[in-house]
Amino acid sequence: MTAIAFYNTRTRKKEPFSPIQPGHVGIYTCGPTVYGPSHIGNLRSQLSADLLKRFLLSENFEVSHVINITDVGHLVSDADEGEDKMELAARRSGETAEEIADRYTASWKEDRAAVNCLLPEQNPKATDHIQEQIQLGQSLDAGGFLYRIEDGVYFDTARFPRYAELAHLDLAGQEGAQRIAQVEGKRQPADFAIWKFAQEGVTRLQEWDSPWGRGFPGWHLECSAMSSKYLGEHFDIHTGGIDLATVHHTNEVAQSECGFGVHPWVNYWMHNEFLDFGGEKMSKSTGNVKTLSDLVEQGYDPLAFRYFFLQAHYRQQQSFNIEAMDAAAQGYKRLLTTVAALRKVSGEGDLEQQAPFEARFKAALGDDLNAPQAMAVVWDVARNAKLKEADRRDLLLGFDGVLGLGLSQAEVETEVFESEPRIDALLVQREEARSTKDFATADRIRDELAAEGIEVIDGAEGARWRRK
RNA sequence: GGCGGCGUAGCCAAGUGGUAAGGCACGGGCCUGCAAAGCCCUGAUCACCGGUUCGAAUCCGGUCGCCGCCUCCA
């Protein structure tokens with residue numbers, strides 16, 4: 001039995017993990033807002049949650065994982081003249097908000113699949129759960145937690161003494177407190193909208209009827225409404241990027257604890273840190289990669305990014321740059337090559353020999369998902385001459401259930417050769433030259449092929465080739 | 001202004017009181033006609049200053065630097 005402890009943002013401590021219902025874990029992960037493509041920083045959050053899920057599955061928990069799709073929210077900028085991204089995108093492409101949401105939802109799913117994220121048990125859309133959101137709002141209204149102003153219906157944070165608990169906020173000292181609340185009539189700067197009214201003369205892409213009037217749900221409501229629907233009003237783990245803790249998750253807690261009458265609403269809050277791009281702006285204009293597609297265009301395997309992700313702890317900022325990505329790609333390739341060779345080994349492994357490595361691997365992950373340490377165990381196994389190949393094979397393939405690096409599909413790259421009459425003929429010529437020790441000719445042929453992007457490999461059974 | 005994270009070898013990065021995991025790159029070696037692939041070997045006293053301690057990368061204070069949040073945000 002592996003000891004499992006996770007760092008809980010709520011208590012700022014590493015705590016032993018124990019689920020509400022023995023053997024079962026409910027996880028809610030904040031998903032994408034689908035008005036644009038998600039970048040590799042977003043992907044880190046998804047990978048963090050996926051690592052968590054895979055580890056718990058490997059510990060034989062039954063996991064219910066819910067990831068929301070936010071397809072309604074900031075429709076019109078309510079403050080200044082800032083343009084709404086959804087509308088802007090819609091206008092540019094001539095699509096509806098729904099079409100845009102569908103498109104980016106699809107690409108988000110493709111990205112997740114490309115890096116081997118397991119499918120969530122539930123993947124609900126906010127627009128499919130308007131009624132649930134309204135119900136939660138009504139419950140809050142009945143409890144006297146809401147007040148109505150011209151702009152919408154707001155949650156009165158003064159009614160919830162624990163408001164600052166999750167993020168350990170010092171509300172009085174916040175910059176927001178020094179400004180004038182942007183929305184006229186808000187009682188406290190931290191108060192947030194449960195329901196916003198459609199304004200006359202303003203064209204909104206999405207709006208619904210509610211007991212308070214026509215409009216749309218507040219930004220945070222969906223997560224509370226959907227998590228309770230699929231995981232219950234009190235569940236185990238909520239994950240998301242660290243930036244969400246201060247506002248989004250804090251507000252989720254407020255509306256959930258008040259609306260459902262529970263405390264704590266969520267037992268463990270796990271937040272992943274950001275990818276650090278140094279001083280360089282993450283934008284295509286500066287040539288800086290930011291989406292998974294960009295990486296793929298540059299020739300990286302999506303799973304090399306997963307390998308990159310596994311090299312750092314999820315709660316630590318991780319520097320991303322080309323040099324680091326190259327290092328990850330190279331390391332990943334080596335690991336694949338190693339496993340590919342081991343996959344051809346026959347014979348049974350010895351569980352007793354494997355046990356210590358298995359234990360180290362699990363202990364690393366059980367300690368707040370310390371993936372870097374787990375990877376050290378992976379390499380220890382991969383290059384351990386004292387272990388039988390069958391044991392190394394069994395261990396590495398077993399580890400991959402948690403790592404998700406696709407090791408079980410690893411092919412021996414040096415055996416993936418091609419055939420084409422013209423090139424095969426050149427190789428024959430080269431072999432003849434080599435046999436007469438005419439290395440100048442042999443090397444010339446190899447160089448010419450290399451110029452075409454063809455790699456020649458000499459082996460015991462003669463030379464073969466493949467495209468790089 | 002408030003809150004939080006970080007600064008470990010060229011790069012990524014574990015390690016939170018007992019004398020620095022792992023990966024990549026570099027260099028050297030084995031193998032090869034030469035390469036490639038693979039394998040082996042090799043490097044750091046932990047931003048800086050001061051303190052606590054028998055002992056600190058790890059605790060405390062200060063300095064410098066970097067990143068994030070407080071508005072939608074992974």
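Residue numbers start from 1 in every chain, and the chains themselves are labelled A, B, ... in the order their sequence lines are given, proteins ahead of strands. Nothing here was measured: the structure is a model prediction, and the numbers come from that model. Heavy atoms only: backbone and side chains are in, while hydrogens, waters and symmetry mates are out.
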Contact class for A/Asn370 (heavy atom, under 4.0 Å): base, sugar-phosphate, or nothing?
-> sugar-phosphate
side-chain N/O A/Arg446 vs B/rA35 OP1/OP2, d < 4.0 Å = no
Using the six-membered ring for Trp and the full ring for Phe, Tyr or His, decide whether A/Phe274 stacks on the six-membered base ring of B/rG68 (centres under 5.5 Å, planes under 30°).
-> no
Which residue, A/Leu221, A/Asp191, A/Ile194, forms the side chain to side chain contact (heavy atoms under 4.5 Å, CB included) with A/Phe155?
-> A/Ile194
In whole angstroms, how far is the P atom of B/rG22 from the CZ atom of A/Arg360?
-> 10 Å
Whichever of A/Arg383 and A/Ile242 has the more 5' nearest nucleotide on RNA chain B, that residue is A/Arg383
Stacking of A/Trp379 on B/rG22 base (centres under 5.5 Å, planes under 30°) | no
NZ/NE/NH1/NH2 to OD/OE distance under 4.0 Å, A/Arg360 and A/Asp380 | yes
Round to a whole Å and report the spacing from CD of A/Gln311 to C1' of B/rA21.
-> 13 Å
Rounded to the nearest angstrom, tell me the gap between atom OH in A/Tyr314 and atom C1' in B/rC12.
-> 20 Å
Would you tell me if any nitrogen or oxygen in the side chain of A/Thr33 comes within less than 4.0 Å of OP1 or OP2 on B/rA74?
-> yes
4.5 Å side-chain heavy-atom contact, A/Glu252 and A/Cys30 | yes
Take atom C1' in B/rC12 and the same atom in B/rU52, then report the distance between them in whole Å.
-> 34 Å
Length of the line joining A/Gln317:CD and B/rG5:P, which is rounded to integer Å = 11 Å
If you check every side-chain atom of A/Pro372, which of B/rC67, B/rA21, B/rC11 has the closest atom?
-> B/rA21
Report which part of the nucleic acid A/Val456 touches: base, sugar-phosphate, or nothing (heavy-atom distance under 4.0 Å, all strands).
-> base
Tell me whether the OP1 or OP2 atom of B/rC6 has a side-chain N or O from A/Gln316 closer than 4.0 Å.
-> yes
Classify the nucleic acid contact of A/His313 as base, sugar-phosphate or nothing, counting any heavy atom under 4.0 Å across all strands shown.
-> sugar-phosphate
Provide the distance between the two C1' atoms, one in B/rG33 and one in B/rG23, to the nearest whole Å.
-> 33 Å
A/Ser319 side chain: which of B/rC12, B/rC40, B/rG33 is closest?
-> B/rC12
Phosphate OP1/OP2 of B/rG23: any A/Arg334 side-chain N/O under 4.0 Å = no
Establish, with yes or no, whether the OP1 or OP2 oxygen of B/rC11 is under 4.0 angstrom from a side-chain nitrogen or oxygen of A/Asn321.
-> no
RNA chain B nearest-nucleotide lookup for A/Glu273 and A/Tyr332: closer to the 5′ end is A/Tyr332
Picking from B/rC34, B/rA14, B/rC12, the nucleotide nearest the side-chain atoms of A/Gln373 would be B/rA14
P spacing across the pair B/rA57 / B/rU16, given as an integer number of angstrom = 14 Å
State which residue, out of A/Leu395, A/Asp400, A/Leu335, fulfils the side chain to side chain contact (heavy atoms under 4.5 Å, CB included) condition with A/Val378.
-> A/Leu335
Among B/rG33, B/rC72, B/rC40, find the nucleotide with the atom closest to the side chain of A/Asp443.
-> B/rG33
Got a salt bridge between A/Arg306 and A/Asp301, using NZ or NE/NH1/NH2 to carboxylate O under 4.0 Å?
-> no
Output field: ring centroids A/Trp269/A/His249 closer than 6.0 Å = yes
Indicate, with a heavy-atom threshold strictly under 4.0 Å, whether A/Leu275 touches base, sugar-phosphate, or nothing.
-> base
Can you check the A/Leu365 CG to B/rA14 P distance for me, whole Å?
-> 14 Å
Would you indicate what A/Arg430 reaches in the nucleic acid, counting non-hydrogen atoms under 4.0 angstrom: base, sugar-phosphate, or nothing?
-> base
Pair A/Glu98 + A/Arg103, salt bridge at N-O below 4.0 Å = no
Could you work out the separation of B/rA47 and B/rC6 based on their C1' atoms and round it to a whole Å?
-> 11 Å
What integer number of Å spans the P atoms of B/rC3 and B/rG61?
-> 14 Å
Verify the contact: side-chain N or O of A/Arg315 to OP1 or OP2 of B/rG5, cut-off strictly under 4.0 Å; return yes or no.
-> no
Span that lies between the C1' atom of B/rC11 and that of B/rG50, in whole angstrom = 32 Å
Whole-Å gap separating C1' (B/rA13) and CE (A/Met325) = 15 Å
Write down the distance separating the P atoms in B/rG4 and B/rC46, rounded off to the nearest Å.
-> 28 Å
Quote, to the nearest angstrom, the P distance that separates B/rU45 from B/rU58.
-> 15 Å
Which part of the nucleic acid, if any, lies within reach of A/Ala324 when heavy atoms closer than 4.0 Å are counted: base, sugar-phosphate only, or nothing?
-> sugar-phosphate
What residue among A/Thr70, A/Asp71, A/Leu136, A/Thr127 forms side chain to side chain contact (heavy atoms under 4.5 Å, CB included) with A/Glu222?
-> A/Thr70
Nucleotide paired to B/rG55 in any strand shown, Watson-Crick or G-U, under 3.5 Å = none
Protein-nucleotide distance (A/Phe305, atom CZ; B/rC12, atom C1'), rounded to Å | 13 Å
Could you tell me whether the phosphate oxygens of B/rA25, OP1 or OP2, come under 4.0 Å of any side-chain nitrogen or oxygen in A/Gln330?
-> yes
Scan every strand shown for a Watson-Crick or G-U wobble partner of B/rG68, both distances under 3.5 Å, and answer none if you come up empty.
-> B/rC3
Mind checking who B/rU45 pairs with, Watson-Crick or G-U wobble, both distances under 3.5 Å?
-> none
Side-chain atoms of A/Asp243 come closest, of B/rC67, B/rC72, B/rC69, to B/rC69
Between A/Glu448 and A/Arg444, is there a salt bridge with N-O shorter than 4.0 Å?
-> yes
Considering Watson-Crick and G-U wobble pairs with both distances under 3.5 Å, what does B/rG33 pair with?
-> none
A/Asn384 CG to B/rC40 P, in whole Å, measures 10 Å
Could you please name the option among B/rC11, B/rG15, B/rA13 that lies closest to any side-chain atom of A/Glu323?
-> B/rC11
